[in-house]
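Read the structure below first, then the notes.
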Amino acid sequence: MKKKTIVIYGVPGVGKTTLGKRLFKKIDQSMLVDADDLWRINPFTVNDNNKRMVEENIKSVYNNFKENPELETFIFLWVIPNINVYNLVNNWFDDATFIQLQVDSATYKIRLDKDNRDSFDFEKYIELFKNYKDIPGIQIDTSNKDIDRLINEIKNLI
């Protein structure tokens with residue numbers, strides 16, 4: 001059995017976690033890893049020690065997935081804010097399919113409001129969209145699409 005790796009990335013609030021959790025339930029022999037869970041550090045601090053720890057944890061979980069004959073699909077969720085992080089993640093995983101979630105700004109604002117994020121976050125996250133033009137991946141617009149439709153799109157890609 002050939003193992004598959006799906007990396008779903010996009011700005012905070014675009015729908016990675018919601019989509020990833022539902023996709024995970026629809027794909028048998030799968031494993032879901034949300035990088036946000038590995039970054040849940042209090043206080044949240046991005047420094048060399050924490051980055052190294054998170055990177056090693058991701059690689060360790062992935063290697064354990066590869067060694068488990070019962071699992072076929074690895075689903076990984078992360079923001080991936082720039083091409084450097086994309087290259088890093090791409091080096092960790094074998095033949096990963098990268099899926100970039102996008103959303104129009106009006107729908108995005110509604111989602112952030114629903115998640116109780118403030119307007120500063122909206123402007124900051126909109127800036128991240130600019131980085132995504134340089135990051136390879138299959139682009140899927142999540143605007144005005146229900147989860148089942150998005151899951152079908154992704155399942156058809158893999």
**Complete:** Note: Ile75 and Ser30 closest approach over all heavy atoms is CD1-CB, 4.3 Å

**Message:** Is there a salt bridge (Lys or Arg N to Asp or Glu O under 4.0 Å) between Lys4 and Glu72? Walk through the geometry before answering.
**Reply:** CA-CA 6 Å; Lys4 294 179 258 182; Glu72 183 178 327; 3.3 Å; yes

**Message:** Let me confirm one number: the CG-CD distance from Asn68 to Gln29, rounded to the nearest 0.5 Å.
**Reply:** 10.0 Å

**Asked** Are any side-chain N or O atoms of Thr45 and backbone N or O atoms of Pro43, one a donor and one an acceptor, separated by less than 3.5 Å?
**Response** yes

**Request:** Spell out, yes or no, whether Ile158 and Ile151 are grouped together once hydrophobic residues are joined by side-chain heavy atoms under 4.5 Å, including indirect joins.
**Result:** yes

**Message:** Donor-acceptor check, side chain of Asn87 to backbone of Ile83, threshold 3.5 angstrom: yes or no?
**Reply:** yes

**Message:** Applying side chain to side chain contact (heavy atoms under 4.5 Å, CB included) to Leu101 and Val11, what does each step give before you reach the verdict?
**Reply:** CA-CA 8 Å; Leu101 299 185; Val11 295; over 6 Å; no

**Prompt:** Do the non-hydrogen side-chain atoms of Pro12 and Val79 ever get within less than 4.5 Å of each other?
**Reply:** yes

**Request:** Check whether Phe98 and Ile138 end up in the same hydrophobic cluster, where Ile, Leu, Val, Met, Phe, Trp and Tyr are linked by side-chain heavy atoms less than 4.5 Å apart.
**Result:** yes

**Prompt:** Do you reckon Leu157 sits in the same ILVMFWY cluster as Leu77, going by side-chain contacts under 4.5 Å, direct or chained?
**Reply:** yes

**Request:** In sequence, state the C-alpha distance, the side-chain angles, and the governing distance for Gln100 and Tyr132, and then conclude on side chain to side chain contact (heavy atoms under 4.5 Å, CB included).
**Result:** CA-CA 8 Å; Gln100 181 188 113; Tyr132 286 174; 3.8 Å; yes

**Message:** Show, in sequence, the C-alpha distance, side-chain angles and deciding distance for Lys155 and Leu23, and conclude whether the side chain to side chain contact (heavy atoms under 4.5 Å, CB included) test is met.
**Reply:** CA-CA 8 Å; Lys155 285 178 80 174; Leu23 182 64; 4.0 Å; yes

**Asked** Is there side-chain contact between Thr97 and Val7, with at least one heavy-atom pair below 4.5 Å?
**Response** no

**Request:** Check step by step if side-chain hydrogen bond (donor to acceptor under 3.5 Å, both in side chains) holds for Thr107 and Asp104.
**Result:** CA-CA 6 Å; Thr107 302; Asp104 66 64; 2.9 Å; yes

**Request:** State whether the number of non-hydrogen atoms from other residues, nucleotides or ligands found under 6.0 Å of Lys51 atom NZ is greater than 12.
**Result:** no

**Prompt:** Is Ile135 close to Pro81 at the side-chain level, that is, under 4.5 Å between some pair of heavy atoms?
**Reply:** no

**Asked** Can we call the ring centroids of Trp92 and Tyr62 under 6.0 Å apart?
**Response** no

**Asked** Does Asp113 come within less than 4.0 Å of Lys109, counting only side-chain N to carboxylate O?
**Response** yes

**Asked** In Å, rounded to the nearest 0.5 Å, how long is the span from CD1 of Ile6 to CZ of Phe93?
**Response** 12.0 Å

**Complete:** Applied to residues 17-35, the salt bridge (Lys or Arg N to Asp or Glu O under 4.0 Å) test, sequence neighbours excluded, yields Arg22-Asp148

**Request:** Output yes when a side-chain donor or acceptor of Thr18 lies under 3.5 Å from a complementary backbone atom of Gly15, and no otherwise.
**Result:** no

**Prompt:** Any chance the side chains of Arg149 and Asn152 put a donor and an acceptor closer than 3.5 Å?
**Reply:** no

**Request:** State plainly whether the residues Glu56 and Lys59 are in salt-bridge range, i.e. N to O under 4.0 Å.
**Result:** yes

**Asked** Side-chain contact, heavy-atom cut-off 4.5 Å: Leu38 with Asp36?
**Response** no

**Request:** Quick one: do Asp134 and Asn82 satisfy side chain to side chain contact (heavy atoms under 4.5 Å, CB included)? Show the steps, please.
**Result:** CA-CA 8 Å; Asp134 298 326; Asn82 58 54; over 6 Å; no

**Request:** List the steps, then state whether salt bridge (Lys or Arg N to Asp or Glu O under 4.0 Å) holds for Asp37 with Arg40.
**Result:** CA-CA 5 Å; Asp37 293 332; Arg40 217 168 301 287; 2.5 Å; yes

**Prompt:** Heavy atoms, side chains only, cut-off 4.5 Å: are Thr5 and Thr73 in contact?
**Reply:** no

**Prompt:** Given side chains that start at C-beta, do those of Val89 and Val85 come closer than 4.5 Å, heavy atoms only?
**Reply:** yes

**Prompt:** Phe65 ring centre to Lys3 NZ or CZ under 6.0 Å, with the angle to the axis within 45°?
**Reply:** yes

**Message:** For the CE atom of Met53 and the OG atom of Ser60, what is their distance to the nearest 0.5 Å?
**Reply:** 12.5 Å

**Parallel, tilted or perpendicular, as decided by the 30° and 60° cut-offs, for the rings of Phe74 and Phe76** = parallel

**Asked** Are the side chain of Lys16 and the backbone N or O of Gly10 linked by a donor-acceptor pair below 3.5 Å?
**Response** yes

**Asked** So do Leu150 and Asp146 actually touch side chain to side chain, heavy atoms under 4.5 Å?
**Response** no

**Item:** Crowding at CG, Asp95 (>12 non-hydrogen neighbours, <6.0 Å)
**Value:** no

**Asn90 side chain to Tyr86 backbone, donor-acceptor under 3.5 Å** = no

**Request:** Measure the shortest side-chain to side-chain distance between Asn50 and Trp39 over non-hydrogen atoms and say whether it is less than 4.5 angstrom.
**Result:** yes

